[in-house]
Each structure stands twice: as structure tokens, then as C-alpha cells.
Number of protein chains: 2
Amino acid sequence: MSRLDRTLIADLAPFQGMDAADLDTMLGQARSMRVVKETSIFEQEAEAHAFFLLLDGHVRVVKTTPDGQQVIVRYISPGELLGIARALGRTTYPATAVAAVDCVILSWPSRLWSEFAAAFPSFGANTYKAVGARLQDAHARVIEMSTEQVDRRVAHALLKLVQQTGKKTDDGLLIDFPLSRQDIADMTGTTLHTVSRLMTAWEERGLVKSGRQKVTVVQPHKLLLLAEGQADK
Amino acid sequence: MSRLDRTLIADLAPFQGMDAADLDTMLGQARSMRVVKETSIFEQEAEAHAFFLLLDGHVRVVKTTPDGQQVIVRYISPGELLGIARALGRTTYPATAVAAVDCVILSWPSRLWSEFAAAFPSFGANTYKAVGARLQDAHARVIEMSTEQVDRRVAHALLKLVQQTGKKTDDGLLIDFPLSRQDIADMTGTTLHTVSRLMTAWEERGLVKSGRQKVTVVQPHKLLLLAEGQADK
DNA sequence: GATAAACGTTGCGAGAACGCAAACAAAGCC
DNA sequence: GGCTTTGTTTGCGTTCTCGCAACGTTTATC
């Protein structure tokens, strides 16, 4: 088993305020693994036997309704924890996590969660802070779904992804993983048809550039105006 | 200053697992107060100088968008904490809390939050568990807003309120505080007009009975069927 | 008890978004 | 290289829900 170096994680948000020895303790009990694109890391409703840290790649977290509709709860970027059901007082995962690209992750048995939280107060505090941030995010989304119409919701979703994973290219800011029309629809509570229509309209106006599972935001500023509603339609 | 008896709070969820002495310590630093109906307990964006416990009454938590639209995030029942911005890593309140009826609350200075969480591990754990529950609730709402149409959302909202505060009457289960059509609309992301139409339709079918700021669910079971979509329209 | 304010109901027209269907384009596979 | 699979575009009719407006009803105020 190859040794995991603490510089891998020392700078990541969940581990701020921890000293070197503690990091090593945590790493000593971690298992690293590769996850192939489109493979699930854990499944909704399954027993939460482990929690994870995304080291590299992008993961989408999906909830499926009883009648089969999908909603993308969020995308996870490197350095974030996932599957922390225990921190939410659950024993099963509330959603399914799927690798959007090939990923590298660390995993720990769920059993260790409470140990870590108790032994390393910073780690616990960081995690709870992250949960708090997610709660606010979820609320923001409820507001958005309640008060804004589709085009603005889609614009907001794209801007958030760009902010999270935007990669500078000649054309603008490219969202750094495969993202289909259906994915965008699942994020914003609409249909792939409507997203497709919006994208072509925006492409004509020069706001974005997009192809098969690929989106580049050309004029983030104008897209923001549209999202915020100063829109000139 | 009148003494607060520990039996006031000993059985409430946030204080489970705490011993008598700790409860007294907390109560010793609490301030109790009455809040008149339709008065706000704290305001969105204001400095979070205190956190609260609702002892009696009902409180609605409201978010207002920049352009003035309101969304009711949730209703709080006796025994629940509110204004725990600090537990979410915030220094300002993320929403406004308004007494739906005359209320009795306890308050503590925010400064004490971290002290309590550290000194009384059960209290901290209980609170974080509550935050986790709220996160799941918020996610459930995002799913609902994304995938369900208005009538089901309204049905769900009513059922949730009934479950939370339902009071048995001759007609059925009465929601135990003034609840206007506009309030229901603000909870479900629709308009008071649409809610009004739904309510009259449901009243004709004998599912509910409602008057001015008053809603009684007559046949919860049938309303649930409608909410879940086995609906016979 | 008259008047005002708040809340609720209902009709009608409009528009956003959906759903279906068909055609097209790109990527993967043998 | 042809074939299949997967993702995207686009047209068209439909439907839900909104927005406006007018009116009715209950509660509060002086």
C-alpha cells in the first residue's frame, strides 16, 4: 500500500487548522481509489458505510424520485467531502454520487466519522461549516425555483459551474467536465428541450458557445445581467 | 428576574442527553420574552447577536428577494431553536423570523453559542443533527419544486403543517395558526390566486375546509393520495 | 354602526414551458 | 467504413399557471 503524503490534503478546506500529525493519522486510515467515469461512488438509500474526499475529478450528486425523475443536487469539486451522511445524522446516503469524469478519491469507514470529529475539533468544525454552507445553498435554490423563471435559473446554474470549474480558453470560460443539455435541465428543474432552445438563443447573441456535452461561457458579465434580471430580454 | 425552571426545556429535542446542572447553567444565562403576533424576532441580514428557543407559539421564517418577493422557508414549532446563524458559520441572520401568533421565546447572546456547543457536547450534537435535518428538508423541497406541479406542492405543504401543528376538531385536523392564501402561496412558489382556486376545488370535494386565515384538513388520506400523484384528478 | 382595511373568490386572456415527434449530428464500436 | 448509440435541434399543439381586474366578505377601527 502506497503511502499518502499529507501535502495531498493539507491545504484543503476540510483540514484547515489541523496539525501535521493529525493529518497523518487520518491519512493512515484512508483508502485511495480511482473511480471510472460514469461509475457511482455510492447509491441513494444504501447503507452509509464510508465517507469520501474528492482528490481529483468532478462528481455529480443526484437524487431520483420514486417515479424516476432525476434532480442534480450539486457538483462536487476536488477538495470537497462527500457522502458525509453521518454528519447529517443519517445512516443511509440521501443521494447517489456519480463520477462525471475519471476521479481519484479517498475513503474512510463511516465508523471513523465521530472519532475524527471528536479527536480533531477543527475537522469537525470545518465540516459543520460546510454543511451550513450547503444548507444556505439549498435555501437559495428553493428561493430561485420559487421566484425565477427558467432562463434565469439556467443562467445562474451555468454561472455557478463556471465559477466552480471555469477554465480559461480562447473563447471564454469552459466548464471543465462533460455537461449535457439533460444535465443542465436536471439542475434547474426544466427539460432538455427548453435548455436546448435557450442555448441556441444565447449562442446567437454571443453569450455562450456550446457543443456536445460542452459549454463555454463567452460573456459572463452579460449572462449575469440576464440571470439577475436587468435583462433586455 | 423570575427563575426559569428546567422542566421547561428538559424534554425538548435540542437538550436531550444533557444533565440537570447543565440545563440550569444554560437557563441561567437565558432571557425570556414575549413576542407579539406579527412582530419580528430577527431580521434578514442583521447582525446575529442572539439565538433563540421557541417555547410557545408559531414562528414563520421568511426570505425576501432583492425585488421584494417573499418565500416562507419554514414554520417553527415550540421546542425548536431558531436564529442559529453561528452554527451555520454566519454572522448575520439569513432570514427574517416573524411571530405568527403571540409567542414566548428564550434568547441567548450569540457569543455563548460556541461555549455551549463545546461545554455540552449533547447540545452541540443535537443542534448539528437538526441542521442536518433542515438540509435534507431543503433538498426535498428543491426536488419538489423541480418535479411537481402546483397542486401537489400545495397538498404537501398543507400535510406538513398538519403533521407539525394539526389539532383535532370536529371537522378534521386544523392548522393551529392563522394561515392566509398568500402564506400558502409563499411556501409553495405560486400565487394566492392559484391557491384560492385549489382550495375551493378541494373544499367541493370535501378534502379540506377553510376560511379566512384558517385551514382544516378533513381527509388527510385523500389529500396525501393527491400529493403523491395516485391522483384521480 | 358606519367606514376602512385586509383577505378571499372568480372570470378571462396571455404566455411560458412542456410534451411529443421527427430529423439531424457526433461519437463509439465492430 | 458502415452501423449503432447517444446527444442535440427544432416545429407545433397543448396545458398549466400566471397576471390583471373586479367583486364579495370578514374583521378591525374610530
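We name chains A, B, ... by the order of the sequence lines, and we start the count at 1 in each one.
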*How does each nucleotide of nucleotides 18-30 of chain C score, in 5' to 3' order, for protein heavy atoms under 4.0 Å: base (B), sugar-phosphate only (S), or none (-)?*
SBBB----BS---

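In this structure, B/His58 and B/Phe177 have tilted ring planes: the angle between them lies in the 30° to 60° band. Ring geometry for B/Phe42 versus B/Tyr93: interplanar angle under 30°, hence parallel rather than tilted (30 to 60°).
Atom CD in B/Glu204 sits about 8 Å away from atom P in C/dT10, given to the nearest Å. Between the C1' atom of C/dG8 and the CG atom of B/Asp183 lies a distance of 13 Å, rounded to the nearest Å. What separates NZ of B/Lys37 from P of C/dA6 is a distance of 14 Å, to the nearest Å. Note: CD (A/Glu148) to C1' (C/dA17) measures 16 Å, nearest angstrom. Rounded to a whole Å, the CG atom of B/Asp186 is 12 Å from the P atom of C/dG8. Following rounding to the nearest Å, A/Leu192 (CG) and D/dG7 (P) show an atom-to-atom distance of 10 Å. Whole-Å rounding puts the B/Glu203 CD to C/dT9 P distance at 8 Å. Atom CZ of B/Arg181 is separated from atom C1' of C/dT9 by 9 Å (rounded to the nearest Å).
Side-chain proximity of A/Gln149 to the nucleotides D/dT8, C/dA17, C/dT9 is greatest for C/dA17. Of the candidates C/dT9, D/dT8, C/dA17, the closest approach to any side-chain atom of A/Ser196 belongs to D/dT8.
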Atom pairs and distances, side-chain donor-acceptor, residues 96-107 of chain A, under 3.5 Å, sequence neighbours left out:
{"unit_1": "A/Thr96", "atom_1": "OG1", "unit_2": "A/Gln44", "atom_2": "N", "d": "2.9"}
{"unit_1": "A/Asp102", "atom_1": "OD1", "unit_2": "A/Lys37", "atom_2": "N", "d": "2.7"}
{"unit_1": "A/Asp102", "atom_1": "OD2", "unit_2": "A/Arg34", "atom_2": "NH2", "d": "3.4"}

Quiz: residues 213-225 of chain A side-chain donor-acceptor pairs under 3.5 angstrom, not counting sequence neighbours:
{"unit_1": "A/Gln219", "atom_1": "NE2", "unit_2": "A/Gly206", "atom_2": "O", "d": "3.1"}

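The side chain of A/Thr200 places no N or O atom within less than 4.0 Å of a non-bridging phosphate oxygen (OP1 or OP2) of D/dT8.
Every residue two or more places apart in sequence or in another chain that forms a side chain to side chain donor-acceptor pair (under 3.5 Å) with A/Asp5 is listed here: A/Thr7. Scored by the side chain to side chain contact (heavy atoms under 4.5 Å, CB included) test, B/Arg212 finds no partners at all (sequence neighbours excluded).
A salt bridge is absent between B/Lys63 and B/Glu45; no separation between the charged side-chain nitrogens and carboxylate oxygens falls under 4.0 Å. Note on A/Arg74 versus A/Glu80: salt bridge recorded, some NZ/NE/NH1/NH2 to OD/OE distance being below 4.0 Å.
In this structure, the separation between OG on A/Ser210 and CD1 on A/Ile175 is 10.0 Å, given to the nearest 0.5 Å.
Rounded to 10 degrees, the angle between the two end axes of the helix from C/dG1-D/dC30 to C/dC30-D/dG1 is 40°, with five pairs used at each end.
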